[in-house]
Amino acid sequence: MSFLNTSNLRGDIMGGLTTGIVALPLALAFGEASGAGPMAGLYGAIIVGFLASLFGGTGSNISGPTGPMVVVFAGVYTSLGGSPELVFSAVVLAGLLQIAFGFLKVGQLIRLVPYPVVSGFMSGIGVIIIALQLSRLFGHEPSGSGTIPALTSVPGAIIDPNWIALAIGLMTLAIVFYWPKKLGKYIPAPLAALVVATVFSAAIAGAPILGDVPSGLPSFVMPAFEQESFLIVIEAAFLLALLGAIDSLLTSLVADNMTRTRHNSNQELIGQGIGNTVAGLFGGVPGAGATMRTVVNIRSGGQFKISGMIHGLVLLAIALVLAPLASMIPHAALAGILIKVGYDIIDWRYLARAHRGPRWDLVLMAIVLGLTVFVDLITAVAVGVVLAALAFIKQLSEIQLKNLNLSEAEIENPQERELLTRADGAVTLFDFGGPLSFGAAADLGHHVREKANGHVKILVLDFARVPFLDLSAVKAVETIVEDAAASGKSVYIAGINKAVSDVLHGLDVAPLITDDHWFDNRHDALAQAVVEIGQDEGKETSAPEGEAAYA
């Protein structure tokens with residue numbers, strides 16, 4: 001295909017081969033953890049890995065089952081009773097949603113999720129993965145699905161361990177955490193752990209193993225929908241699509257930083273969507289851009305799409321030839337590998353220095369983490385984004401209101417400063433320094449009333465730096481104008497652009513302001529205000545003489 005870049009063919013082949021080997025134990029472990037079986041994880045890695053690379057927008061990205069996706073998929077698998085038709089319908093629908101996200105150019109919007117929210121739910125997913133594997137490390141299965149049942153099963157597993165499984169699990173943990181980096185260049189730690197643990201299990205029987213594992217190509221799964229489970233499928237599909245999009249685009253950002261390139265967010269979503277749609281049709285666990293595997297690919301020389309495609313082909317060859325050997329893999333080995341995955345997902349780097357950053361960011365991260373672990377991911381992300389947005393709006397509105405009223409000393413233009421001095425407090429200048437947030441608009445009228453009391457006669461509202469107004473800001477301006485009229489004050493409008501003027505006219509606020517109180521700039525407005533004040537003062541001082549003459 002002409003759009004495949006072959007300028008780095010040697011590096012891409014090495015990257016693909018290396019990541020294919022690294023991905024093998026992870027794919028099997030994720031498949032087993034999902035409930036669909038180890039081969040479902042391998043099929044997902046093959047299909048998503050190949051197609052997301054072929055059609056995606058990040059050259060070096062390696063895709064496949066990831067911790068976040070498997071956590072959600074496992075919940076779906078349990079909720080739908082393990083029915084393949086329903087479970088994989090959610091995967092297919094998730095893929096179609098991701099394709100739609102790409103065509104609707106949602107890629108840039110997803111990247112606007114605040115970092116504390118991303119950190120919180122990623123760390124929460126890491127905690128969930130660890131919690132779900134602790135009992136398996138001791139040779140037991142968690143009683144029930146979800147984090148809380150998994151945690152409540154741990155004490156019983158500790159009291160009555162399967163010693164062989166525990167030995168295998170501890171051995172696996174030791175290898176994945178302490179495998180020498182020099183050896184890791186040739187044999188990845190997860191693969192080494194998987195081989196050693198399987199050999200140990202074969203030599204000393206007694207630990208639970210995977211058992212029968214089908215080999216060959218996957219079978220087609222016809223999607224199906226049932227009225228009773230329709231909402232579950234829709235909700236699961238949306239969550240898988242959103243989480244996969246965020247996970248993939250975060251990985252793409254990591255790849256950009258390492259390769260000094262720039263990915264295409266929307267094309268990446270289309271590629272991920274195609275991969276997950278096809279994976280769902282063939283019983284594969286859904287996937288996303290995998291950060292660790294992408295980093296391995298880049299460090300091994302991979303730069304372009306060919307590396308991810310070769311990674312998928314390597315896994316396909318393994319599935320066709322070596323699948324029977326997977327039946328001997330002990331559960332405890334996969335549990336140990338996944339515990340390391342969960343540990344790596346937790347944002348330790350931020351947690352180590354969070355106490356030196358904004359206190360609210362740490363609180364927000366903790367809230368999202370707690371909701372992720374003990375409620376669900378949709379709630380965690382939704383609450384996190386809303387709280388982050390409200391906190392930002394509050395902070396922004398406070399700054400806007402603080403800088404709204406300009407004193408003489410704060411005005412840089414000496415002519416404007418002189419005009420305010422001549423006004424002697426009878427003119428108050430309000431400078432809207434940018435777009436008016438709805439948070440600032442809520443208190444705008446009250447703030448202006450406070451600053452415009454006493455003997456203030458004219459309010460100058462400078463809109464020179466306001467590019468647009470929403471309804472909240474328009475209502476605030478209307479309140480200011482009505483309050484000024486009620487208290488006998490005049491309102492001058494300065495520097496307003498056509499878009500803002502059209503909004504004020506369209507919502508019938510502009511007619512409340514007389515035609516001669518609209519000015520191109522605030523200097524002209526201040527100059528006219530000084531003239532008007534002078535005229536008013538002249539009328540006041542001449543009034544007694546007029547009365548005497550009349551008498």
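Residue indices begin at 1 and follow the sequence shown. Quick note: numbers below take in every heavy atom, side chains included, and nothing from hydrogens, waters or symmetry partners.
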- Under a 4.5 Å cut-off applied to non-hydrogen side-chain atoms, are I130 and I346 in contact? yes
- Kindly determine whether Y43 and L315 satisfy side-chain contact (heavy atoms from CB on, under 4.5 Å), including the steps that lead there. CA-CA 8 Å; Y43 295 149; L315 291 174; over 6 Å; no
- Task: Report the C-alpha separation of V71 and L243 in whole Å, then their side-chain angles, then the decisive distance to 0.1 Å, and conclude whether the side-chain contact (heavy atoms from CB on, under 4.5 Å) test is met.
- Result: CA-CA 11 Å; V71 166; L243 191 58; over 6 Å; no
- Are any of the side-chain heavy atoms of S201 and I209 separated by less than 4.5 Å? yes
- Query: Is there a side-chain contact between F200 and I204 (heavy atoms, below 4.5 Å)?
  - Reply: yes
- Note on the structure: Shortest non-hydrogen pair, G289 vs T251, comes out as O-OG1, 3.0 Å
- Message: Please check: side-chain N/O of N162 versus main-chain N/O of G206, any donor-acceptor pairing under 3.5 Å?
- Response: yes
- Task: Carefully, step by step, assess I306 and L9 under the rule side-chain contact (heavy atoms from CB on, under 4.5 Å).
- Result: CA-CA 8 Å; I306 292 175; L9 191 58; 3.9 Å; yes
- Message: I need the minimum non-hydrogen distance between V87 and V76, along with the two atoms involved.
- Response: CG2-O, 4.4 Å
- Message: Whether the side chain of Q133 engages the backbone of I339 through a donor-acceptor N/O pair (distance < 3.5 Å, no angle test) should be reported.
- Response: no
- Item | Among F220, Y77, F282, F73, ring pair (Phe, Tyr, Trp, His ring centres under 6.0 Å) partner for F88 | F73
- Message: More than 12 heavy atoms of other residues, nucleotides or ligands under 6.0 Å from CD1 of I187: yes or no?
- Response: no
- Query: Is there side-chain contact between T198 and P330, with heavy atoms separated by less than 4.5 Å?
  - Reply: yes
- What are the two closest non-hydrogen atoms of N276 and G95, and how far apart are they? CB-CA, 3.9 Å
- Query: Hey, is the main chain of Y115 close enough, under 3.5 Å, to the side chain of S119 for a donor-acceptor pair?
  - Reply: no
- Message: What's the separation between atom CD1 in I270 and atom CD in Q272, rounded to the nearest 0.5 Å?
- Response: 11.5 Å
- Are the side chain of T66 and the backbone of A290 linked by a donor-acceptor contact shorter than 3.5 Å? no
- Message: Between N266 (side chain only) and G107 (backbone N and O only), is there a donor and an acceptor less than 3.5 Å apart?
- Response: yes
- Task: To the nearest 0.5 angstrom, please state how far the OG atom of S53 sits from the CZ atom of F304.
- Result: 13.5 Å
- Task: Tell me, yes or no, whether the heavy-atom count around M14 atom CE, taken from other residues, nucleotides or ligands under 6.0 Å, exceeds 12.
- Result: no
- Query: Taking everything shown except F177 itself, do over 12 heavy atoms lie less than 6.0 Å from its CZ?
  - Reply: yes
- Over all atoms of both residues, closest heavy-atom pair of L364 and A388: CD2-CB, 3.7 Å
- May I ask you to decide if A241's main-chain N or O and Q98's side chain share a donor-acceptor pair within less than 3.5 Å? yes
- Task: Hey, could you give me the OG/CG distance between S60 and N297, rounded to the nearest 0.5 Å?
- Result: 6.5 Å
- Can you measure from CD1 (I367) to CG (L387) and round to the nearest 0.5 angstrom? 5.5 Å
- Query: Measuring from Y350:OH to D361:CG, what's the distance to the nearest 0.5 Å?
  - Reply: 5.0 Å
- Only one of N61, T19, T259, T58 forms a side-chain hydrogen bond (donor to acceptor under 3.5 Å, both in side chains) with T294, so which one is it? N61
- Message: Keeping W179 on the side-chain end and A193 on the backbone end, is there a donor-acceptor pair under 3.5 Å?
- Response: no
- When S265 is tested against each of H263, R262, E268 for side-chain hydrogen bond (donor to acceptor under 3.5 Å, both in side chains), which residue passes? H263
- Query: Does the Q303 side chain pair with the main chain of D12, one donor and one acceptor, at a distance under 3.5 Å?
  - Reply: no
- Return yes when atom CD of Q395 has more than 12 non-hydrogen atoms of other residues, nucleotides or ligands closer than 6.0 Å, and no otherwise. no
- Task: Determine whether F30 and L338 make a side-chain contact, defined as any pair of heavy atoms from C-beta on separated by less than 4.5 Å.
- Result: yes
- Verify side-chain contact (heavy atoms from CB on, under 4.5 Å) between I337 and K340, making sure each step is shown before the conclusion. CA-CA 5 Å; I337 291 171; K340 178 61 164 63; 5.9 Å; no
- From the list D247, L239, L240, I246, side chain to side chain contact (heavy atoms under 4.5 Å, CB included) partner of P68 resolves to D247
- Heavy atoms only: give me the nearest A245-L269 pair and the separation to one decimal. CB-CD2, 3.4 Å
- Query: Measuring from L194:CG to T172:OG1, what's the distance to the nearest 0.5 Å?
  - Reply: 8.0 Å
- Message: Any non-hydrogen side-chain atom of L42 less than 4.5 Å from a side-chain atom of L24?
- Response: yes
- Please work out which of the three classes, parallel, tilted or perpendicular, describes the rings of F101 and F238, given edges at 30° and 60°. perpendicular
- Task: Grab the two heavy atoms, one from L54 and one from K305, that are nearest each other, plus how far apart they are.
- Result: O-NZ, 3.3 Å
- Side-chain heavy atoms of S63 within contact of R293, under 4.5 Å: no
- Query: Does S248 offer a backbone N or O that forms a donor-acceptor pair with the side chain of S252 under 3.5 Å?
  - Reply: yes
- Message: Using a 3.5 Å distance criterion without hydrogens, assess whether the side chain of T147 forms a donor-acceptor pair with backbone atoms of V373.
- Response: yes
